[in-house]
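Everything on this sheet refers to the single structure shown next.
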2 protein chains.
Amino acid sequence: MTELEASNRSDLLPFTQSLPMALMRARESTMRFFRPVLAAHELTEQQWRVLRALDASPEAPEVNELAQHTFLLGPSLTRILSNLSERGLIARAPASHDQRRAHISITEDGRSLVATIAPLSSRQYEAITERLGENRYRQLTKLLEEVADLRPDTEEARP
Amino acid sequence: MTELEASNRSDLLPFTQSLPMALMRARESTMRFFRPVLAAHELTEQQWRVLRALDASPEAPEVNELAQHTFLLGPSLTRILSNLSERGLIARAPASHDQRRAHISITEDGRSLVATIAPLSSRQYEAITERLGENRYRQLTKLLEEVADLRPDTEEARP
DNA sequence: GCAAATTGCTACACACGTTAACTATATTGG
DNA sequence: CCAATATAGTTAACGTGTGTAGCAATTTGC
């Protein structure tokens, strides 16, 4: 036991048992599998998520829709789309009936990049699943979904 | 099934089953419990981790040691310590035998802030544990530790 | 001893998460 | 019709993660 863990004046959980911390470290570990693959193609994980979503989408979605499917917030997505657009991996087309909206589509360059990275990415997933075991993997994703659905009830100050 | 999930040209997992995504969303959910508490005192989660670690430490640790215990990176910790120092919540003292090192300690103001927030934080942990059930909670933290210990084996280019 | 390598920490660049403000376009109500 | 409101998206500001580079103090190896 180290010095820092020895005392606990404030009656708090040690860090290793703190759920947010444990989640962050676990995510960090899994990302260590993927980051090298993506970095080799100058992509961040979020950029990759966007490309992957667009590649899988049969039609060009609007920004809002894309944000929901990639779990990105508007401002982040705006930046990511600017970046990907400059690199010619995606394209934007204004909606005909509503000038506020824009349809985002993946370009041929974008598609071939996805096709290049996809198998490498899959291999990393397989590596993780193997090490963890399919049972534990399924167990974990199930628990994570439950946690993701948790909401604080003390939403005071609701107008 | 939505449009984006319908097709999957690249043979990849849908987003909701991607482990890094699931971990991120789960963390996001848990943080929704704590953020209001910390925000009320102008603290970020990382700043709170540092204060909590210092409060629990019997002696003033060096920056390196503190980084390990809070799972923060050096550059991040540097910024956080500057911030907390300006606010008078921590103090730095150069090590006597090695001028590169510095010992970080929590001030009385810092301690009283921790004492104020700690019970509120604990209440949020209890809320999460209750909703999830103690069994699931333990199960989850155990799995997360296993995942956190995963390392990619394909560390090519090892000098 | 003193140059070379190492260590502890900081600075900087780039990207994302979050919140709030802002612009431009559409829609609604009187 | 036109003002008031709502919506889609962007911009701005701040803090953090990651990676790289840098500086100063210390240790090492000859």
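We name chains A, B, ... by the order of the sequence lines, and we start the count at 1 in each one. Predicted model, so just to flag it, every value in this text is computed and none were measured.
- Remark: A:Thr44 is in phosphate contact with C:dC16, judged by side-chain N or O atoms under 4.0 Å from OP1 or OP2.
- Among the atoms of the strands shown, only primed sugar atoms or phosphate atoms (P, OP1, OP2) are found under 4.0 Å from some heavy atom of B:Arg35.
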Could I get a table of every N or O pair under 3.5 Å where one atom is in the protein and the other is in nucleotides 20-25 of chain D?
unit_1	atom_1	unit_2	atom_2	d
D:dA25	O3'	B:Gln99	N	3.3
D:dA25	N3	B:Arg100	NH1	3.3

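- The existence of a salt bridge linking A:Arg27 and A:Glu45 is confirmed by a sub-4.0 Å separation between a basic side-chain nitrogen and an acidic carboxylate oxygen.
- Phosphate proximity of C:dT7 to B:Asn64: absent, as no side-chain N or O sits under 4.0 Å from OP1 or OP2.
- Distance B:Asn83 CG to D:dG15 P: 6 Å, rounded to the nearest Å.
- Computed from coordinates, the B:Leu38 CG to D:dC14 C1' distance equals 16 Å when rounded to whole Å.
- For A:Arg79, the side-chain atoms get nearest to C:dT18 when compared with the rest of D:dT16, C:dT18, C:dC9.
- Side chain of B:Arg92, nearest nucleotide from D:dG15, C:dC9, C:dG17: C:dC9.
- Counting any heavy atom pair closer than 4.0 Å across all strands shown, A:Leu77 reaches no nucleic acid atom.
- At whole-Å resolution of the value, CD in B:Glu42 and P in D:dG15 are 10 Å apart.
- Distance check: B:Phe34 CZ to B:Thr30 OG1 gives 7.0 Å after rounding to the nearest 0.5 Å.
- Taking atom CZ on B:Phe71 and atom C1' on D:dT18, their separation rounds to 18 Å, with Å as the unit.
- If you check every strand for non-hydrogen atoms under 4.0 Å, A:Glu62 touches sugar and phosphate atoms only.
- Between the CE atom of A:Met24 and the C1' atom of C:dG17 there is a distance of 13 Å, given to the nearest Å.
- Each of A:Thr70, A:Ile80, A:Leu113 was scored for a side chain to side chain contact (heavy atoms under 4.5 Å, CB included) with A:Leu51, with one residue passing: A:Leu113.
- Aromatic ring centroids of B:Phe33 and B:Tyr125 lie 6.0 Å or more apart.
- OP1 or OP2 of D:dG17 has at least one side-chain nitrogen or oxygen of B:Ser76 nearer than 4.0 Å.
- The nucleotide whose nearest atom lies closest to any side-chain atom of B:Arg101 is, among D:dA8, C:dC9, D:dG17, C:dC9.
- Distance B:Leu72 CG to D:dG15 P: 15 Å, rounded to the nearest Å.
- Annotation: of the two residues near DNA chain D, A:Ser82 and B:Leu73, the 5′-most nearest-nucleotide partner is A:Ser82.
- Counting only heavy atoms from C-beta on, A:Gln47 has its side chain closest to C:dA15 among C:dA15, C:dC9, D:dA8.
- In this structure, the CE atom of A:Met21 is 13 Å from the C1' atom of D:dT16, given to the nearest Å.
- Of the N and O atoms on the side chains of A:Asn83 and A:Arg87, at least one donor lies less than 3.5 Å from an acceptor on the other residue.
- Here the closest heavy-atom approach between residue A:Ala60 and residue A:Ser105 is recorded as CB-CB, 3.9 Å.
- Between A:Arg101 and A:Asp98 there is a salt bridge, with a side-chain nitrogen of the basic residue lying less than 4.0 Å from a carboxylate oxygen of the acidic one.
- Geometrically, B:Arg25 engages A:Phe71 in a cation-pi contact defined by less than 6.0 Å to the ring centre and at most 45° from the axis.
- Nearest nucleotide to the B:Arg49 side chain, out of D:dG17, D:dA8, D:dG15: D:dG17.
- The CD1 atom of B:Ile80 sits 12 Å away from the P atom of D:dT18 (whole-angstrom rounding).
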